[in-house]
Amino acid sequence: MEVNQGFDMFTIIEKLFPLFIILVIGFILFIIFQGIKQWNYNNKQPKLNVDALVVSKRTEVSGGSNDSSASTLYYITFQVESGDRMELAVRGSDYGMLAEGDAGELVSQGTRFHSFTRKQHVN
């Protein structure tokens with residue numbers, strides 16, 4: 001006569017572990033696919049040169065707890081002549097060179113920032 005041992009944790013883990021691995025691989029593939037899709041979308045867009053105004057700047061910091069290093073993403077919101085606003089990710093060097101209220105020519109392609117050339121104010 002066999003005695004039922006009840007709840008067997010190893011059997012459950014043995015069945016759930018492959019499912020967990022498949023979910024992790026699926027998530028990684030999804031992220032890669034989204035990146036390729038965004039890159040392809042940007043490549044198909046025309047490169048636009050428009051007059052714009054820097055209306056805001058923000059950063060997004062992640063990591064940095066205990067022994068891990070922190071990474072910072074930089075964003076600038078531009079307002080074009082039509083009144084539309086677009087927030088674009090920029091390099092840290094571009095972020096540091098621009099201030100809110102700067103006016104100039106924005107060059108972008110889709111969601112990709114290329115450059116911003118400030119126009120000099122004539123007094």
Side-chain angles (χ1 to χ4, degrees):
M1 194 153 122
E2 187 176 319
V3 176
N4 187 351
Q5 295 285 327
F7 187 69
D8 185 8
M9 189 63 154
F10 290 110
T11 304
I12 292 173
I13 291 176
E14 185 178 283
K15 293 182 194 268
L16 289 179
F17 187 72
L19 179 63
F20 177 74
I21 295 297
I22 289 169
L23 287 174
V24 168
I25 291 171
F27 180 72
I28 291 169
L29 290 175
F30 176 76
I31 296 298
I32 291 170
F33 175 75
Q34 289 296 100
I36 292 171
K37 182 179 169 186
Q38 185 67 48
W39 177 80
N40 193 32
Y41 168 80
N42 284 336
N43 285 342
K44 290 180 179 179
Q45 299 303 308
K47 198 179 264 193
L48 298 176
N49 296 26
V50 295
D51 289 332
L53 178 70
V54 176
V55 291
S56 72
K57 297 169 60 173
R58 74 177 179 93
T59 59
E60 184 178 313
V61 180
S62 61
S65 62
N66 297 332
D67 291 337
S68 67
S69 63
S71 64
T72 305
L73 300 174
Y74 301 94
Y75 299 94
I76 297 180
T77 302
F78 298 95
Q79 182 171 321
V80 295
E81 290 177 325
S82 66
D84 292 333
R85 292 183 176 194
M86 62 179 80
E87 182 179 67
L88 301 173
V90 299
R91 295 180 300 271
S93 57
D94 293 318
Y95 182 88
M97 294 300 291
L98 298 174
E100 290 182 14
D102 283 349
E105 181 182 44
L106 170 66
V107 180
S108 65
Q109 185 177 18
T111 60
R112 187 180 298 148
F113 172 85
H114 284 283
S115 66
F116 184 81
T117 307
R118 243 183 325 227
K119 291 185 179 175
Q120 299 297 323
H121 293 279
V122 179
N123 291 333

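The two atoms that bring M86 and S108 nearest to each other are SD-OG, 4.3 Å, heavy atoms only. Between A52 and L106, the closest heavy-atom pair is CB-CB, 3.9 Å. Of all heavy-atom pairs between L53 and G101, the closest is CD1-O, 3.3 Å. The two atoms that bring K57 and I76 nearest to each other are CG-CG1, 4.2 Å, heavy atoms only. Of all heavy-atom pairs between N43 and Q109, the closest is O-NE2, 3.7 Å. Considering all non-hydrogen atoms of both residues, S68 and G63 come closest at OG-C, 4.4 Å.
A single hydrophobic cluster is seen to contain both L88 and L98, as judged by linkage of ILVMFWY side chains at heavy-atom distances under 4.5 Å, directly or through other members.
Side chain of D102 to backbone of A99: a donor-acceptor contact under 3.5 angstrom is found.
Between Y95 and Y74, the two ring planes are tilted [angle within 30° to 60°].
At a threshold of 4.5 Å between non-hydrogen side-chain atoms, the residues V107 and K47 count as touching. At least one side-chain heavy atom of V54 sits less than 4.5 Å from a side-chain heavy atom of F78.
Here the CG-NE2 distance, from D94 to H114, works out to 12.0 Å after rounding to the nearest 0.5 Å. Taking CG of L16 as the reference point, atom CG of L23 lies at 10.0 Å (rounded to 0.5 Å). The CZ atom of F30 lies 8.5 Å from the CZ atom of F33; values are rounded to the nearest 0.5 Å. Atoms CZ and CE, from R118 and M97 in turn, are 5.5 Å apart once rounded to the nearest 0.5 Å. Rounded to the nearest 0.5 Å, atoms OG1 (T59) and CG (L73) are 9.0 Å apart. Atom CG in D51 sits 4.5 Å away from atom CD in E81 (nearest 0.5 Å).
E60 and R58 are joined by a salt bridge, as a carboxylate oxygen and a charged side-chain nitrogen come within less than 4.0 angstrom of each other.
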